[in-house]
Amino acid sequence: MPELPEVETVRGTLERLVGGKVISGGSVSQSELRCPMPANLLQRLAGQRIQSVKRRGKFLLVGLDSRETLIVHLGMTGRIIVQTGTTTFEPGFYDRGARRFVSHDHLELRFKDGSRLFYNDSRRFGFIDLVRPGRLRFDPRMRALGPEPLSNDFSPTYLAACFAGRKTSLKAALLCQETVAGLGNIYVCEALHRARLSPRRAARTLVGGNGAPTMRLDRLIAAIRSVLQEAVAAGEQAFLRAERCEPEASPGVRFRVYDREGEPCLNAGCKGTIERSIQGGRSTFFCRRCQR
DNA sequence: CATGCCCCCTGCACGC
DNA sequence: TGCGTGCAGGGGGCAT
């Protein structure tokens with residue numbers, strides 16, 4: 001499910017709904033995720049206050065008052081459900097048609113005020129880990145991450161250096177979390193479509209002869225930023241509607257290429273048709289007419 | 001080093 | 001209705 005915008009939506013929701021609350025207990029019904037949960041997870045969490053909820057790439061980082069960090073990764077089907085009072089929140093899950101099977105609530109956390117949090121993950125590609133104080137910055141999972149795409153570190157100069165000499169496709173390069181953190185299959189397709197760049201184009205062709213950034217590279221960065229910003233904003237609006245107990249107006253962001261095989265290209269002035277192809281074993285959606 | 005392939009696991013849509 | 005097939009937003013390991 002979740003790429004940067006969805007994880008960011010979950011982050012913001014958790015911050016507002018459980019930030020500052022104290023964990024009173026919980027239960028684990030299935031600890032065998034992609035990596036098993038730490039054996040004594042619940043004992044280590046009991047009595048702790050949620051100090052912060054941050055995000056790095058697709059990782060959720062829950063800061064506790066012991067200075068430990070709970071790392072949550074949602075994999076493909078991970079979802080977080082929060083119940084406070086009579087309201088149930090399920091942020092960032094854009095496949096609204098998918099049922100939530102309670103049998104896949106692998107972890108439940110209870111808070112002193114009666115709120116409850118569930119981690120649900122049918123395919124169990126996600127994981128939950130608890131990292132000792134001060135160890136997060138040395139964690140190999142964090143160290144392997146490239147810059148945040150919405151930060152200034154993700155600059156034309158950076159990306160030019162990253163792409164220089166690389167024959168690999170733009171699609172593969174952008175999916176790599178070491179290049180930039182948080183993009184997944186959907187938003188890579190969307191960003192390349194907005195930038196009118198072919199997913200098969202070699203990454204190095206966006207680098208000038210002197211190793212300098214090119215206009216295409218600037219276009220790509222702008223496209224990545226805009227599609228992510230719009231999706232984050234849509235997630236924010238969805239949360240606010242849920243908070244006011246308003247019905248879901250739309251199922252979230254409307255994708256312009258993803259899952260639109262055979263439909264017309266929506267780029268201005270383009271009369272092309274969206275195609276699907278396989279790259280690295282995953283679907284790529286693109287318009288060969290305007291993406292070069 | 002880079003790339004493609006397979007695997008982890010479950011649910012769902014589709015065709016017969 | 002029921003069953004088989006292929007596919008899914010992530011990521012890691014392995015062979016080539």
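Note that these values count all heavy atoms, side chains included, but never hydrogens, waters or copies made by symmetry. Here is how names work: the chains are called A, B, and so on, in the same order as the sequence lines, proteins then strands, and each is numbered from 1.
When all heavy atoms are compared, the tightest approach of A/Glu148 to A/Leu4 is OE1-CD1, 3.7 Å.
Atom CD in A/Glu261 sits about 11 Å away from atom P in C/dC7, given to the nearest Å. Between A/Phe125 atom CZ and B/dC6 atom P there is a gap of 15 Å when expressed in whole angstrom units. Rounded to an integer number of Å, the gap from CD of A/Glu32 to C1' of B/dC7 is 17 Å. Nucleotide C/dC7 holds its P atom 11 Å from the CZ atom of A/Phe285, rounded to whole Å. Distance A/Asp259 CG to C/dA8 P: 9 Å, rounded to the nearest Å. Protein atom CD of A/Gln279 is 17 Å distant from nucleotide atom C1' of C/dC7, rounded to whole Å. Residue A/Phe127 contributes atom CZ, which lies 11 Å from atom C1' of C/dG12 at whole-angstrom precision. Regarding A/Lys171, its NZ atom lies at a distance of 14 Å from the C1' atom of B/dG4, rounded to whole Å.
Among the heavy atoms of the strands, none lies under 4.0 Å from A/Arg100. Heavy atoms of A/Tyr187 sit nowhere under 4.0 angstrom from any nucleic acid atom. Within 4.0 Å of A/Gly184, counting heavy atoms only, lie sugar-phosphate atoms of the nucleic acid but no base atom.
Taking 3.5 Å as the limit, the base of B/dC9 and the side chain of A/Arg123 contain a donor-acceptor pair of atoms between them. Taking only distance into account, the side chain of A/Arg99 never meets the base of B/dG11 through a donor-acceptor pair shorter than 3.5 Å.
Comparing C/dA8, C/dG10, B/dT3 by their closest approach to the side chain of A/Tyr258 singles out C/dA8. Across C/dG10, B/dT3, B/dT10, the shortest atom-to-atom separation from the side chain of A/Thr168 is found for B/dT3. Out of B/dG11, C/dA8, C/dG10, the shortest distance to the side chain of A/Ser283 is found at C/dA8.
B/dC8 and C/dG10 make up a base pair, with Watson-Crick or G-U wobble contacts both under 3.5 Å.
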Could you go through A/Gln291 and A/Ser198, starting from their C-alpha distance and side-chain angles, then the distance that decides it, and tell me whether this counts as side chain to side chain donor-acceptor pair (under 3.5 Å)? CA-CA 5 Å; A/Gln291 291 181 253; A/Ser198 167; over 6 Å; no
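Using modelled atom types, one finds a donor on one side chain and an acceptor on the other under 3.5 Å when comparing A/Tyr187 with A/Glu6.
Atom CD of A/Glu230 has more than 12 heavy atoms from other residues, nucleotides or ligands within 6.0 Å.
A cation-pi arrangement is absent between A/Arg16 and A/Phe89 under the rule of less than 6.0 angstrom and at most 45 degrees off the ring axis.
Contact annotation: A/His104 side-chain N/O to B/dG11 OP1/OP2 distance is under 4.0 Å. Here A/Lys58 reaches the OP1 or OP2 of C/dG11: one of its side-chain N or O atoms lies under 4.0 Å away. Between A/His73 and C/dG10 there is no side-chain N or O to OP1 or OP2 distance below 4.0 Å.
Rounded to whole Å, the separation between the C1' atoms of C/dG6 and B/dC6 comes to 16 Å.
In this pair, A/Phe59 and A/His73 present their aromatic rings perpendicular. The plane angle is above 60°, beyond the 30 to 60° band.
In terms of position along DNA chain B, the nucleotide closest to A/Arg34 lies nearer the 5' end than the nucleotide closest to the other residue of the pair A/Arg34 and A/Phe101.
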